[in-house]
A.B. asks: 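The structure is given below, and queries will be raised subsequently.
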2 protein chains.
Amino acid sequence: MQNYIKDVEKTLKNGDFKLTHRRKAVLGVLWDNKDKHLSAEEVYNLVKEKEPDVGLATVYRTLELFSGFGIVCSMDFGDGRMRYECIDSKNEGHHHHHIICLKCGKILEMAEDLLDDLEARVSRELSFKVLDHQLKIFGHCSECK
Amino acid sequence: MQNYIKDVEKTLKNGDFKLTHRRKAVLGVLWDNKDKHLSAEEVYNLVKEKEPDVGLATVYRTLELFSGFGIVCSMDFGDGRMRYECIDSKNEGHHHHHIICLKCGKILEMAEDLLDDLEARVSRELSFKVLDHQLKIFGHCSECK
DNA sequence: ATGGTTGCAAAAGATTTGCACCGGA
DNA sequence: TCCGGTGCAAATCTTTTGCAACCAT
């Protein structure tokens, strides 16, 4: 965690941005909830526990800033709000395959990268430079089906 | 096209809904733009060319109605608005794999279903009932890279 | 006349922006 | 002092909803 913060600080400094208290608080919340997929408002509420007078706009601006530096990634599960998760060295570059239960809304993950063949085909046949991908699988989880 | 309209009419009638002029106009626009991925507002503007006094709310309500009956499918490319495409017998049940150029916004399609193995694994290992999936591949197209 | 359908306007909800103020180098 | 960072409120943008009018059966 401490090293991670240092890394983020360095990354931001390269772009002439600072890791302020507010931003550090946002980062801390994301770090503590790496396994979740927090919405901006959820991040906001958690940050407010430590910094009661933070503004929602700051959270949005911070998330956008972090996004631009690849510190967090944002994802969309189709429920009308974005979700955010921080990226550390362990999951960097990994694509998440989200498995979404349509009944209870639970989200499972399959982090393995099984789409290499498909990506290779797209590259080759369409001469398309693949940068990223997202896979979502919808259905009913073991408890709901 | 005529047969298609009849089919849709029948489908709706089963649910005690009518295929009104307005709804037929929406369907016509979607049919004429099967290859595109129109947003609600784009559909609205196209419908207005034929039916100038249609309301945007009607377009939304129609798209939602059609969605519920599997007449259209909606998709989200992460640009803050939904896209709609009608489903006919030719592409019914097929999952679209969208390949999105991050520079020019062009959207290519790969309709083949290459994720069966992956779905089977999800089913087996997580005992998850797979109903649908979405795959999006981001990158740069042949013209932009 | 009955009940689904519609247009309009207002509401809702997530996110962004304008702006004045603040606070650390 | 200076300039990025911040909170607040207002604006934005897509989508939804309330409601009275409408239209076909």
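Proteins get letters first, then strands, A, B, ... in listed order; numbering begins at 1 in each. What you see below is based on every heavy atom in this structure, not just the backbone, and it leaves out hydrogens, waters and symmetry mates.
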A.B. asks: For A/Asn3, is the CG atom crowded, meaning more than 12 foreign heavy atoms sit under 6.0 Å from it?
C.D. replies: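 No, CG of A/Asn3 has 12 or fewer neighbouring heavy atoms, counting only those of other groups under 6.0 Å.
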
A.B. asks: Estimate the overall bend of the helix from C/dA1-D/dT25 to C/dA25-D/dT1 from the end axes over five pairs each, rounded to 10 degrees.
C.D. replies: 10°

A.B. asks: Any pair with a residue in residues 7-19 of chain B that passes side-chain hydrogen bond (donor to acceptor under 3.5 Å, both in side chains), sequence neighbours left out, goes on the list, sorted by first then second residue, please.
C.D. replies: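 Sorted result for residues 7-19 of chain B: empty, none.
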
A.B. asks: Looking at B/Lys34 and B/Glu85, is any side-chain nitrogen of the basic one under 4.0 Å from a carboxylate oxygen of the acidic one?
C.D. replies: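 Salt bridge flag = no for B/Lys34 with B/Glu85.
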
A.B. asks: Could you pull out every donor-acceptor pair under 3.5 Å between side chains of residues 54-68 of chain B and any protein atom, sequence neighbours left out?
C.D. replies:
residue	atom	partner	partner atom	Å
B/Thr62	OG1	B/Thr58	O	2.7

A.B. asks: Going 5' to 3' along nucleotides 3-19 of chain D, which nucleotides have protein heavy atoms under 4.0 Å from the base (write B), which only from the sugar-phosphate (write S), and which from neither (write -)?
C.D. replies: --SSBB-----SBBBB-

A.B. asks: Hey, what do you get for CZ (A/Arg83) to CE (A/Met75), rounding to the nearest 0.5 Å?
C.D. replies: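 The CZ atom of A/Arg83 sits 9.5 Å away from the CE atom of A/Met75.
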
A.B. asks: What are the 5'-most and 3'-most nucleotides of DNA chain C lying under 4.0 Å from any heavy atom of chain B?
C.D. replies: C/dT5 to C/dC8

A.B. asks: Decide if the gap between the ring center of A/His133 and the ring center of A/His97 is smaller than 6.0 angstrom.
C.D. replies: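 For A/His133 and A/His97, the ring centres are under 6.0 Å apart.
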
A.B. asks: Distance from B/His37 atom NE2 to B/Cys73 atom SG, nearest 0.5 Å?
C.D. replies: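 Atom-to-atom, B/His37:NE2 and B/Cys73:SG are 8.0 Å apart.
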
A.B. asks: I'd like to know whether CG of B/Asp35 has more than 12 heavy-atom contacts from other residues, nucleotides or ligands below 6.0 angstrom.
C.D. replies: yes

A.B. asks: Taking B/Asp76 first and then A/Lys136, would you say they form a salt bridge - that is, a charged N and a carboxylate O separated by under 4.0 Å?
C.D. replies: no

A.B. asks: Show the atom names and distances, to 0.1 Å, of all donor-acceptor pairs under 3.5 Å that link a side chain in residues 40-48 of chain B to residues at least two apart or in another chain.
C.D. replies:
residue	atom	partner	partner atom	Å
B/Glu42	OE1	B/Ser39	N	2.8
B/Glu42	OE1	B/Ser39	OG	3.4
B/Tyr44	OH	B/Lys48	NZ	3.3
B/Asn45	ND2	B/Glu41	O	3.2

